[in-house]
Amino acid sequence: MTTRRRPQIASRKQPQQARSTELVAAILEAATQVLAQEGATRFTTARVAEKAGVSVGSVYQYFPNKAAILFRLQTDEWMQTTRMLREILEDAERSHFERLRRLVHAFLQSECEEAEVRGALNDAAPLYRDSPEAKKAQAEGDRMIEDFIAEVLPNASASVRALAGDLVFTTLSAVGNDFSRTRRTKAEIKAYADAMADMFCAYFQAIGR
């Protein structure tokens, strides 16, 4: 049986000069727009080049194929999410429940603001979800979540903490994905986030007794 070869997802080269950096930024901005408008199935390098106002050859200098562009967009999203998690969950000046509330609000806001691009990236995930970079990003996010849960529930068993973390963050992901399918006002996002945060805080208080 022939094994299907996975597309190359690494960038060809990194920009070294200001002009090159600007070109890559323009390509990625154009890619984000094309992805939001066309979706993953109609996303092509040619469309990205046209939107960016550059030649296809210019795009290929830095990205060997559309999978590499999509992977770069996904990598940037992972980095942004990781920074958000670290900033909120490791903020020792706030109580655990304050941090949890901030996380719920930030997560739902982000899901609603970037719903079209996130949905398209999820559709393209088979191109790169088994890559070492994807596994590293997942592991780093899991570690921060585990550390936070251990702070909130210091006396709970490992199995209870694992269940709590999985329940909260699986629920967040599922609800965020469904909630963001419809355009939401800031008031709607706040009301929904407040309700979810209340539910999570009550859950932690109950199992932490």
Side-chain angles (χ1 to χ4, degrees), residues 6-88 102-138 140-141 144 172-173 176-186 188-190 193:
R6 300 185 69 85
Q8 180 182 345
I9 59 174
S11 299
R12 287 189 186 277
K13 64 178 181 178
Q14 296 300 318
Q16 300 298 322
Q17 300 177 345
R19 185 176 179 182
S20 298
T21 300
E22 292 172 1
L23 173 59
V24 170
I27 291 171
L28 293 174
E29 176 59 30
T32 299
Q33 295 176 20
V34 171
L35 191 60
Q37 295 166 3
E38 306 286 348
T41 56
R42 299 190 62 197
F43 183 92
T44 66
T45 304
R47 283 191 172 92
V48 172
E50 181 181 6
K51 177 69 73 173
V54 301
S55 68
V56 174
S58 294
V59 176
Y60 283 141
Q61 287 184 53
Y62 298 95
F63 303 100
N65 48 49
K66 72 173 187 178
I69 302 174
L70 290 167
F71 181 67
R72 173 60 184 272
L73 293 178
Q74 181 65 84
T75 300
D76 289 349
E77 195 277 329
W78 284 332
M79 292 175 63
Q80 179 182 346
T81 300
T82 298
R83 285 195 298 269
M84 180 186 75
L85 283 173
R86 180 173 290 109
E87 177 185 343
I88 294 174
R102 286 188 67 207
L103 178 65
V104 173
H105 278 265
F107 185 85
L108 278 188
Q109 184 70 42
S110 177
E111 287 289 296
C112 290
E113 289 177 350
E114 303 171 11
E116 293 175 330
V117 172
R118 287 179 187 271
L121 284 174
N122 286 338
D123 291 340
L127 294 173
Y128 46 71
R129 65 185 170 196
D130 294 327
S131 68
E133 295 90 342
K135 293 178 180 178
K136 180 181 178 181
Q138 180 68 46
E140 188 171 0
M144 284 188 286
L172 256 184
S173 296
N177 180 61
D178 184 71
F179 182 72
S180 63
R181 292 179 186 274
T182 302
R183 287 190 177 277
R184 305 290 182 174
T185 65
K186 290 183 178 180
E188 288 175 323
I189 295 172
K190 183 180 184 305

Nearest heavy-atom contact between A46 and V56 is CA-CG2, 4.1 Å
Is there a donor in the side chain of Q109 and an acceptor in the side chain of E113, or the other way round, less than 3.5 Å apart?
-> yes
Hey, could you give me the OG1/CG distance between T44 and N65, rounded to the nearest 0.5 Å?
-> 12.0 Å
Side chain to side chain contact (heavy atoms under 4.5 Å, CB included) between F63 and T45, worked out = CA-CA 9 Å; F63 303 100; T45 304; over 6 Å; no
Could you pull out the closest heavy-atom pair between A52 and A26, with the gap in Å?
-> CB-O, 3.9 Å
Quick one: does S180's side chain have a donor or acceptor within less than 3.5 Å of a partner on G176's backbone?
-> yes
To the nearest 0.5 Å, tell me how far C112 SG sits from E188 CD.
-> 9.0 Å
Yes or no on side chain to side chain contact (heavy atoms under 4.5 Å, CB included) for Q80 and M84, after CA distance, side-chain angles and deciding distance?
-> CA-CA 6 Å; Q80 179 182 346; M84 180 186 75; 5.8 Å; no
Please tell me if the side chains of L103 and L85 come closer than 4.5 Å, counting only heavy atoms from C-beta onward.
-> yes
Between CG on residue L73 and OG1 on residue T32, distance to nearest 0.5 Å | 4.5 Å
So does E50 have more than 12 non-hydrogen atoms from other groups sitting under 6.0 Å from CD?
-> no
Measuring from N177:CG to L172:CG, what's the distance to the nearest 0.5 Å?
-> 12.0 Å
Side chains of S55 and Y60 in contact at under 4.5 Å (non-hydrogen atoms) = no
Do I189 and F179 come within less than 4.5 Å of each other through their side chains, counting heavy atoms only?
-> yes
How many angstroms lie between CZ in R47 and CG in L35, if you round to the nearest 0.5 Å?
-> 12.0 Å
Distance, nearest 0.5 Å, that separates CZ of R184 from CG of L108 = 10.0 Å
Q74 versus E77, side-chain donor and acceptor atoms under 3.5 Å | yes
With a 4.5 Å heavy-atom cut-off, do M144 and T82 have their side chains touching?
-> yes
Which atom names give the shortest non-hydrogen contact between A49 and V59, and what distance separates them?
-> CB-CG2, 3.8 Å
All heavy atoms of I69 vs all of A31, minimum pair found to be CG2-CB, 3.5 Å
